[in-house]
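Notes follow once the structure below has been shown.
Quick note: residue numbers are just sequence positions, from 1.
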Amino acid sequence: MICSTKYLRGAVKIQISGSMPERFINLCITEQILLWGISKNNEDIIAWIGLSDFFKIRPLVLCSRTRIKVLSHRGLPFVIKRIKRRKMMIVGVVLFILVLNILSSYIWFVEITGLKNIPEEGIRYVAYQQGLKAGAGKNGLNIKSIEREILLNIPEVAWVGINFTGTRAIIEVVEKTMPKQEDKAPAHIVAAKDGVITEIIALAGQPAVKLGDTVKKGDLLVKGFIPEPVPAADAGQPNIISVPGELIRAKGIVTARVWYESYAEAERKEKSVIRTGNRQVAVTLKINDKELTFNATPNQPFTEFETEITQKRMPQWRNSGFTVESTITIYHEINSTLTEKPFEKARDEAHAKAIQLVQTSIPETAQILSRNYEILKTAEEDIVRVKVNVETIEDIGQTINISQ
């Protein structure tokens, strides 16, 4: 290795040949010429010498009757010499750096992030009007002014920030959380499912049911109107019939006991599969619309088998329509056996399936009162059937607008 000082001055690796190469080394020591990295190669000697000393050794070579061969050279002077020979390359590198710096001072891509409900075109249009577009110079843009214009022109934006990443301008947007518009149309509350009423709280409107009533899906629970006050009837006159008053939007909580039922089954015979190790492989190569098949196999390669298919597609070259796809189909020979599953295991599997089915119908806010199951008797001994019953208390009210 060459140290930093020797690298700056340059060094030459030489091969010293002759009848007495040691005499050349002794002469170099006498003349205070530094040699390093000395090694022997058969009868020759390999050594490193400084570039400035290399031009001083001619008299010593003649005196010692040796021959010098340059093997390699290292150092800054040689690098500079190579650079001088390649002036056009240096000019190209300099021009490339200059062009790169110039291009990086412009915006070539505009990205918008953080949008959920606001159309991107609106923000992009405001930014374009303020000069933020592809080809615009970064130094000529007033970022604060562009951000302010976006906030003023698009009221749904709560905050906006513009940052530069290389040649990209990234507009980060935070949308306002708009309050939900409350529906004030007149409405009734009806039952969303069958049940037995356990509690009714009418915040607005008139209750149409009472505790303990059995209701079906679609029955009226809370009426969406305020009745007009009915004056008392005079003696001897028929009662005055009350009529619906002002229509309102009924509000309230109506809870009921609701029952759910689900059913599932599980087989007691369990199939186990073991691969024998024998297999056959078929390869299909598709080039555009043409197919080539290698190692074609029969439709039934084994009595029992499993199929493993692997598909690969080579990436398309730019805009060419040339496509190459390969499909490798491996047929594994198997031995399958039927084993009898314990009754308890089959029962638990059927019970788990039934529970999973019924859970999809029960809302998360429901209070579960009881959960039980029963095993159904069947003539088939290979199948275990389970029925699950779940009782809950939940809000069954559903708001439905009143037709005018």
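Between Ile197 and Leu221 there is a side-chain heavy-atom pair separated by less than 4.5 Å. Looking only at side-chain heavy atoms (C-beta outward), Asn335 and Phe302 stay at 4.5 Å or farther from each other. Contact of the Ile16 side chain with the Ile68 side chain is registered, since non-hydrogen atoms from C-beta on lie closer than 4.5 Å. The shortest distance between side-chain heavy atoms of Cys63 and Arg23 falls below 4.5 Å. With contacts defined as side-chain heavy-atom distances shorter than 4.5 Å, the pair Gln129/Tyr125 qualifies. For the pair Lys312 and Ile328, the minimum side-chain heavy-atom distance is 4.5 Å or more. Annotation: side chain of Lys13 is in contact with side chain of Ile46 (closest heavy-atom distance under 4.5 Å). Contact check for Thr365 versus Glu394: no side-chain heavy atoms found under the 4.5 Å cut-off.
Between Phe225 and His188, the ring-plane angle classifies as perpendicular under the 30° and 60° cut-offs.
For the pair Arg124 and Val110, the tightest heavy-atom approach, listed with the atom from each and the gap, is NH1-O, 3.1 Å. When every heavy atom of Ser72 is checked against every heavy atom of Trp48, the shortest pair comes out as OG-CH2, 3.9 Å. Summarising the geometry of Leu141 relative to Gly137, their closest heavy-atom pair is CG-O, 3.4 Å, with the distance given to 0.1 Å. Pairing each heavy atom of Thr198 with each of Leu211, the nearest pair is O-CD2, 3.2 Å. Contact record, Ala354 with Ala264: N-CB, 3.5 Å, taken as the closest heavy-atom pair. Nearest heavy atom pair, residue Gly135 against residue Tyr106, reads O-CD2, 3.3 Å.
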Test salt bridge (Lys or Arg N to Asp or Glu O under 4.0 Å) on Lys345 and Asp348; report intermediate values, then the result.
CA-CA 5 Å; Lys345 184 178 180 181; Asp348 293 342; over 6 Å; no
Verdict with reasoning, Glu304 to Val273, per side-chain contact (heavy atoms from CB on, under 4.5 Å)
CA-CA 10 Å; Glu304 291 184 294; Val273 175; over 6 Å; no
Output, in order, the C-alpha distance, side-chain angles, deciding distance and verdict of side-chain contact (heavy atoms from CB on, under 4.5 Å) for Phe55 and Val12.
CA-CA 11 Å; Phe55 297 104; Val12 181; over 6 Å; no
Working for side-chain contact (heavy atoms from CB on, under 4.5 Å), residues Phe24 and Ile45:
CA-CA 10 Å; Phe24 172 79; Ile45 293 177; over 6 Å; no
Take Leu203 and Ile201 through the test side-chain contact (heavy atoms from CB on, under 4.5 Å) and record every step on the way to the result.
CA-CA 6 Å; Leu203 303 176; Ile201 303 174; 3.9 Å; yes
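Side-chain atoms of Gln15 never come within 3.5 Å of backbone atoms of Leu71 as a donor-acceptor pair (strictly under, hydrogens ignored). A distance-only check finds no donor-acceptor pair linking the side chain of Lys387 to the backbone of Leu376 [under 3.5 Å]. Although no hydrogens or angles enter the test, the distance criterion places a donor-acceptor pair under 3.5 Å between the side chain of Arg249 and the main chain of Ala185. Formation of a donor-acceptor pair under 3.5 Å by the Asn101 side chain with backbone atoms of Leu98 is not found in this model. Between the side chain of Gln130 and the main chain of Glu149, no donor-acceptor pair closer than 3.5 Å is present. Although no hydrogens or angles enter the test, the distance criterion places a donor-acceptor pair under 3.5 Å between the side chain of Glu175 and the main chain of Ile118. Judged purely by atom type and a 3.5 angstrom limit, Asp219 uses its side chain to pair as donor or acceptor with the backbone of Lys216. Of the possible donor and acceptor atoms, one in the side chain of Asp194 sits under 3.5 Å from a partner among the backbone N and O of Lys217. At distances below 3.5 Å, at least one donor-acceptor pair connects side-chain atoms of Gln300 with backbone N or O atoms of Thr303.
The structure places CG of Leu247 at 5.0 Å from CD1 of Ile402, a figure rounded to the nearest 0.5 Å. Lys269 NZ to Leu338 CG: the interatomic distance, rounded to the nearest 0.5 Å, is 7.0 Å. Taken to the nearest 0.5 Å, the CZ atom of Arg279 stands 13.5 Å off from the OG1 atom of Thr307. From Ile57, atom CD1 reaches atom CG of Leu62 across 10.5 Å, with rounding to the nearest 0.5 Å. Atoms CD1 and CD1, from Ile112 and Ile170 in turn, are 11.5 Å apart once rounded to the nearest 0.5 Å. Within the model, atoms OG of Ser17 and CG of Asp44 stand 3.5 Å from one another, a figure rounded to the nearest 0.5 Å.
Within 6.0 Å of atom CZ in Phe164, more than 12 heavy atoms from other residues, nucleotides or ligands are found, so the atom counts as buried in its surroundings. Heavy atoms from other residues, nucleotides or ligands lying under 6.0 Å from CD of Gln32 number 12 at most. Other residues, nucleotides and ligands place no more than 12 heavy atoms under 6.0 Å from the NZ atom of Lys251. Enclosure of atom NZ in Lys81 is not indicated, since only 12 or fewer non-hydrogen atoms of other residues, nucleotides or ligands lie within 6.0 angstrom. By the 6.0 Å contact criterion, CD on Glu43 is open, its count of non-hydrogen atoms from other residues, nucleotides or ligands being 12 or less. Gln356 CD: 12 or fewer foreign heavy atoms inside a 6.0 Å radius. Residue-environment remark: CD (Glu267) stays at or below the threshold of 12 foreign heavy atoms within 6.0 Å.
In this model, no donor atom of one side chain and acceptor atom of the other lie less than 3.5 Å apart for Arg168 and Asn163.
For Lys341, the salt bridge (charged side-chain N to carboxylate O under 4.0 Å, His left out) partners are Glu349, not counting sequence neighbours.
Counting only residues at least two apart or in different chains, ring-ring contact (aromatic ring centres under 6.0 Å, His included) contacts with residues 327-355 comprise Phe305-Tyr331, His351-Tyr373.
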